[in-house]
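Below is one structure, written out as structure tokens; the observations come after it.
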There are 2 protein chains.
Amino acid sequence: MSAISERRERERAQRHRLIVATARELAETEGWEAVTTRRLAERVEYSQPVLYSHFDGKDAIVAAVALDGFTELAGHLSRARQAAPDPGQSLRAVCHAYLDFATERPALYDAMFVLPTELRFASAETPPPLRACFDEFVSCFDPGDERRELSAEVIWSALHGITVLSRSGRIPVGGQEERLDFLVARFGTAENGPADLGS
Amino acid sequence: MSAISERRERERAQRHRLIVATARELAETEGWEAVTTRRLAERVEYSQPVLYSHFDGKDAIVAAVALDGFTELAGHLSRARQAAPDPGQSLRAVCHAYLDFATERPALYDAMFVLPTELRFASAETPPPLRACFDEFVSCFDPGDERRELSAEVIWSALHGITVLSRSGRIPVGGQEERLDFLVARFGTAENGPADLGS
DNA sequence: ACCGGATCCTAGCAGCGCTAGACATCCTGT
DNA sequence: ACAGGATGTCTAGCGCTGCTAGGATCCGGT
């Protein structure tokens, strides 16, 4: 009973991963609109109902892909931050890495930020990988800065806005590097910022 | 021939507006996922094919709603800017108005910025209402500032990011006012900004 | 009065997410 | 060794979606 059921559980976990990986691959090569339960089932060589024995529905599969994406993004940002030549440039490095990630993996980025998923963030159980991404931004600021979380939130918002608005052409697609420079200059360390405006 | 066909054209234009208005109302009361061609056709008391004699498809209807939204937003921002007590506070007023608009009309905002539509922005024929929205931000900066367009792009991006990330709970829903203050402080006039960082 | 064209609706297609129920397969207890 | 039950999988189908072909109907112009 034990060895056999363990093997089955192992196989089941592997198939779980296969489904997520296949969904992601399909999305990255043909776009999310091509990711249907039928096509996905065919690709993993199982019937549709098998998908539903692993996930509550399609949204849950997208959410699983998004979670993988957050983990990857966290690593990507962390490496960029630690590779920065000096701490003063870590913010720029992390921001640059973020925009890189978004433009190089648009489908994955959509799963993480645009598509409707069942992921809940605000509540207590914020997925750790998402928190890790956020913390990479926070770490770029002086630990003594009591507004570093606020800075991180606004920086992230700006980067996300730049990503989606330029991608859809609502702002010109060119000039990303210039925007990045501008953003980092304005949001660099508080010491370089404008006069303190209280509270 | 002339009077009658004119009347028909008038009626046709009115029905066109009716479709757009109904789609918007349906979206604002029940969400865009409730806006189906069947339900919409039933609401306007015509059959489905009539919709397709006015629009190329559902996306085109969403785009029409979005275009109305851009017009409204432009007026909203313009009023806010002109009502600002002094020019130095116009940027804050416009940003505040933007966030207001986004939170008070989430469905309309989604049509304008989130949902897939066939609207093309980057090309030469950027819809005038969208350009008008953008110009409201630009107008908050000194005409002599050669980077006012860049400022407007980044400000807009940040506002959009704040809107969608807080709405989905990826950043905390509270503290919008604080983010707004922070953003405006950092992006106020260049004179108040950090030390010039070249180019 | 009647013809011709514009207008509109009925009916249906292919595809979607999802699920009930039949079928097979394999482990377990005697 | 074998029956019985649990487990796992598939076939088939439901209600919905966006969209369209083809026929009926109505109405203005001659």
Side-chain angles (χ1 to χ4, degrees), chain A residues 1-20 22-24 26-27 30-66 107 110-111 115-119, chain B residues 1-20 22-24 26-27 30-66 107 110-111 115-119:
Chain A
M1 152 171 184
S2 101
I4 287 176
S5 64
E6 272 179 22
R7 187 213 59 201
R8 290 212 194 172
E9 205 156 328
R10 229 166 32 230
E11 288 172 349
R12 190 173 167 77
Q14 182 158 352
R15 195 171 58 180
H16 187 102
R17 285 191 299 270
L18 173 65
I19 293 170
V20 176
T22 306
R24 172 175 169 174
L26 192 51
E30 305 185 30
W32 278 109
E33 73 280 359
V35 181
T36 70
T37 56
R38 275 170 239 271
R39 260 195 281 257
L40 183 53
E42 194 187 8
R43 290 259 181 139
V44 298
E45 296 180 315
Y46 283 94
S47 67
Q48 275 181 287
V50 169
L51 302 179
Y52 293 90
S53 76
H54 284 272
F55 300 93
D56 279 351
K58 190 187 172 183
D59 282 1
I61 298 176
V62 177
V65 174
D110 278 346
L115 295 182
T117 74
E118 57 181 16
L119 278 184
Chain B
M1 152 169 183
S2 101
I4 284 176
S5 63
E6 273 179 21
R7 188 211 60 200
R8 289 211 186 164
E9 204 157 330
R10 229 163 36 226
E11 287 172 349
R12 190 173 167 78
Q14 182 158 352
R15 196 171 58 179
H16 188 102
R17 286 191 298 272
L18 173 65
I19 292 171
V20 176
T22 306
R24 171 175 171 176
L26 192 51
E30 304 184 32
W32 278 107
E33 74 279 358
V35 181
T36 69
T37 55
R38 274 172 238 274
R39 261 196 281 259
L40 183 52
E42 194 188 10
R43 290 260 182 138
V44 299
E45 296 178 315
Y46 283 94
S47 68
Q48 276 181 287
V50 169
L51 302 180
Y52 292 90
S53 76
H54 284 271
F55 299 93
D56 279 350
K58 190 188 172 183
D59 282 1
I61 298 176
V62 177
V65 173
D110 279 345
L115 295 183
T117 74
E118 57 180 17
L119 277 185

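As a basis for the values below, the full set of heavy atoms in this structure was taken, side chains included, without hydrogen atoms, waters or symmetry mates. Order of the sequence lines sets the chain letters (A, B, ...), proteins ahead of strands, with each chain counted from 1.
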Nearest whole angstrom, please: distance from the [atom2] of [N] to the [atom1] of [X].
X       : N      : atom1 : atom2 : result
A/Tyr46 : D/dG8  : OH    : P     : 12 Å
A/His16 : D/dG8  : NE2   : P     : 16 Å
B/Arg15 : C/dA6  : CZ    : P     : 15 Å
A/Leu51 : C/dC16 : CG    : P     : 13 Å
B/Glu45 : C/dC8  : CD    : C1'   : 15 Å
B/Arg12 : C/dT7  : CZ    : C1'   : 10 Å
B/Glu33 : D/dT17 : CD    : P     : 12 Å

Just the table, please: protein N/O against nucleotides 18-22 of chain D N/O, every pair under 3.5 Å.
residue, atom, partner, partner atom, Å
D/dG18, OP1, B/Lys58, NZ, 3.1
D/dG18, OP2, B/Thr37, N, 2.8
D/dG18, OP2, B/Thr37, OG1, 3.0
D/dG18, N7, B/Arg38, NH2, 3.0
D/dG18, O6, B/Arg38, NH2, 2.9
D/dC19, OP2, B/Tyr52, OH, 2.9
D/dC19, OP2, B/Lys58, N, 2.8
D/dC19, O5', B/Tyr52, OH, 3.3
D/dC19, N4, B/Gln48, OE1, 2.8
D/dC19, N4, B/Gln48, NE2, 3.1

Can we say B/Glu30 and B/Arg43 salt-bridge, meaning some charged N sits less than 4.0 Å from an Asp/Glu carboxylate O? yes

Partners meeting side chain to side chain contact (heavy atoms under 4.5 Å, CB included) with B/Arg15 (sequence neighbours left out): B/Arg12, B/Tyr46, B/Val50, B/Ser53, B/His54

Count the heavy atoms of every other residue, nucleotide or ligand shown that sit under 6.0 Å from CD of A/Glu45, and state whether that count exceeds 12. no

Using a 6.0 Å cut-off, check whether atom CD of B/Gln14 has over 12 heavy atoms from anything other than its own residue. no

State whether B/Arg39 places a side-chain N or O below 4.0 Å from either non-bridging phosphate oxygen (OP1 or OP2) of D/dT17. yes

Report yes or no: does A/Trp32 contribute a side-chain atom to a donor-acceptor pair with the main-chain N or O of A/Ala107 at less than 3.5 Å? yes

A/Arg38 side-chain N/O to A/Gln48 backbone N/O, donor-acceptor pair under 3.5 Å: no

